[in-house]
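To keep things clear, I will list the structure first and then write my remarks on it.
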Amino acid sequence: MITDARVLQPEFIPREVQHRDAEVNYLSSVLNPITEGQRADPALLHGPSGVGKTCIAQFLVEQLREAVVDLNYQYVNCWEDHSRFKTLYRLLDGIGRTVDVHRQSTPKDVLLERLRNADETPYVVILDEVDQLEDKSLLYDLYRIPHLTMILISNDEEGLFAAIDDRLNSRLTDCERIRFRSYHEEELVAILTDRVRWGLAEDVIDTRRLELVAANAAGDARVAIGILRRAARKAKHESVAEITADIIQEETPEAKSEIKQKTIDRLTTDQELLYNIISEHGKITPQKLYESYCATAGDPKTKRMVRNYLSKLEHYNLIRAEGNTKARIYRTRV
DNA sequence: TATCCACAGGAAGCACTGGCCG
DNA sequence: CGGCCAGTGCTTCCTGTGGATA
């Protein structure tokens, strides 16, 4: 049934990046100066999740690395490295310059200096989930490093630019913004067809069923691939010769919650607790939520900190916050 | 309409942690 | 070892906002 499990993993970068020709070509042309040893303008990829932003950025950087001999590259996920220090540290790590970075010998922004003075080798940097970066002025500082090219990735463009001050905003006007829309159903089918060809035995699933998978995924390729993977495993496990519509329907909610779970796994204990309270209630007022949180948490944090947690949850589409002031209600995302 | 107050989110500063150095 | 110091998570203090109430 499954001949190559790798192609069913969401991280797999397909040889042909399908149905993103316009975006691929555009980003490719933005990055083109690098092939001549020049820096490229920063690029901002934005759009909903599961539409290939990270995938395509990595795909194109890989291509660059094949074409350009002398090219440094680093991928940073700003959810994980959200402080200025950690992001800078990761960037130095990418060019092997962290060995002698010690706390005491690093007064303010020695890290940045070091990055600036590293060498002239072009350095391409992907900053994923850049909206999670606390100190956005780091982007301004990075922009001023001559040999460094930034590829920024964000779910929502508005939120990002609201957080960036004018100084940086004016710089980023020559930033190339590339919007990624959701996949159409036919596009998802085409993507799935490729994965099926590479990864599954023949006649396991027909186009009509793939259309069902695509419809259930609602434009999100990660969900589509997740459904396919789970369905294939299930069919294999039950020794059924093909993936039926029933299996697909059964595995759709499973695949969706699997992806949601991946986000939840990245939360801290307190954040997860808050998320669970909101899920249980469906919708809840800030007051009730905080009471309930204090009753359950071993070491409850202050309201202010809880608000920080909640905005993080909201940002990650796990919850929704309605209303701005007194009448605010938190509810789960459907 | 005026007043009240729950709430959001910025700013500053505090406490803790863990390397480093004399 | 003890003092020092940067990074980080957190609290404290604060201002502005808008729905609720008299």
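A, B, ... follow the sequence lines: proteins, then strands. Residue 1 opens every chain.
When rounded to the nearest whole Å, the span between NE2 of His82(A) and P of dG7(C) equals 14 Å. Rounded to whole Å, the distance from CG on Leu112(A) to P on dA6(C) is 17 Å. Rounded to whole angstrom, the span from the CD1 atom of Ile329(A) across to the C1' atom of dC7(B) amounts to 13 Å. One atom, CD of Glu322(A), and another, P of dA6(B), lie 21 Å apart when rounded to the nearest Å. The interatomic distance linking Glu80(A) (CD) with dT8(C) (C1') rounds to 17 Å, in whole Å. In this structure, Glu134(A) atom CD and dG10(B) atom C1' are separated by 13 Å, rounded to whole Å. Atom-to-atom, CZ of Arg84(A) to P of dG7(C) comes out at 10 Å; the value is rounded to the nearest Å. In this structure, the CD atom of Glu314(A) is 10 Å from the P atom of dA8(B), given to the nearest Å.
Residues passing the salt bridge (charged side-chain N to carboxylate O under 4.0 Å, His left out) test with Asp206(A): none are found, sequence neighbours excluded. Under the side chain to side chain donor-acceptor pair (under 3.5 Å) criterion, Tyr123(A) pairs with no residue at all, not counting sequence neighbours. Residues that satisfy the side chain to side chain contact (heavy atoms under 4.5 Å, CB included) test with Glu238(A), not counting sequence neighbours, are Lys234(A), Val240(A). Taking the side chain to side chain contact (heavy atoms under 4.5 Å, CB included) definition, one finds that Thr268(A) meets it with Asp270(A), Gln271(A), sequence neighbours left out. Remark: Arg209(A) engages Glu242(A) in a salt bridge (charged side-chain N to carboxylate O under 4.0 Å, His left out) (not counting sequence neighbours). Shown here are the side chain to side chain contact (heavy atoms under 4.5 Å, CB included) partners of Glu291(A), two or more places apart in sequence or in another chain: Gln287(A). Looking at residues two or more places apart in sequence or on another chain, you find no salt bridge (charged side-chain N to carboxylate O under 4.0 Å, His left out) involving Glu186(A).
Between Arg116(A) and Glu113(A) there is a salt bridge, since a side-chain N of the basic residue sits under 4.0 Å from a carboxylate O of the acidic one. With respect to the salt-bridge test (charged N to carboxylate O, under 4.0 angstrom), the residues Lys262(A) and Asp265(A) do not qualify.
With values rounded to the nearest 0.5 angstrom, Tyr73(A) atom OH is found 6.5 Å from Glu62(A) atom CD.
The salt bridge (charged side-chain N to carboxylate O under 4.0 Å, His left out) test with Glu258(A) is passed by exactly one of Arg222(A), Arg233(A), Arg229(A): Arg229(A).
Using a 4.5 Å cut-off on side-chain heavy atoms (C-beta onward), Val196(A) and Val204(A) make no contact.
Of the residues in residues 265-273 of chain A, none lies under 4.0 Å from DNA chain B by heavy-atom distance. For the contact set between residues 291-308 of chain A and DNA chain C, defined by any heavy atom under 4.0 Å, the members are Lys301(A), Thr302(A), Arg304(A), Met305(A).
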Any N/O pairs under 3.5 Å between the protein and nucleotides 17-22 of chain C? List them or say none.
from, atom 1, to, atom 2, distance (Å)
dG18(C), O4', Thr325(A), OG1, 3.2

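In the helix from dT1(B)-dA22(C) to dG22(B)-dC1(C), the terminal helix axes, each the rotation mapping four pairs' C1' atoms onto the next four within five end pairs, subtend 20°, rounded to 10°.
Residue pairs meeting the salt bridge (charged side-chain N to carboxylate O under 4.0 Å, His left out) criterion with at least one member in residues 273-288 of chain A, sequence neighbours excluded, do not occur.
The shortest heavy-atom contact between Val213(A) and Ala224(A) is CG1-O, 3.5 Å.
A sub-4.0 Å separation between OP1 or OP2 of dC10(C) and a side-chain N or O of Tyr309(A) is present.
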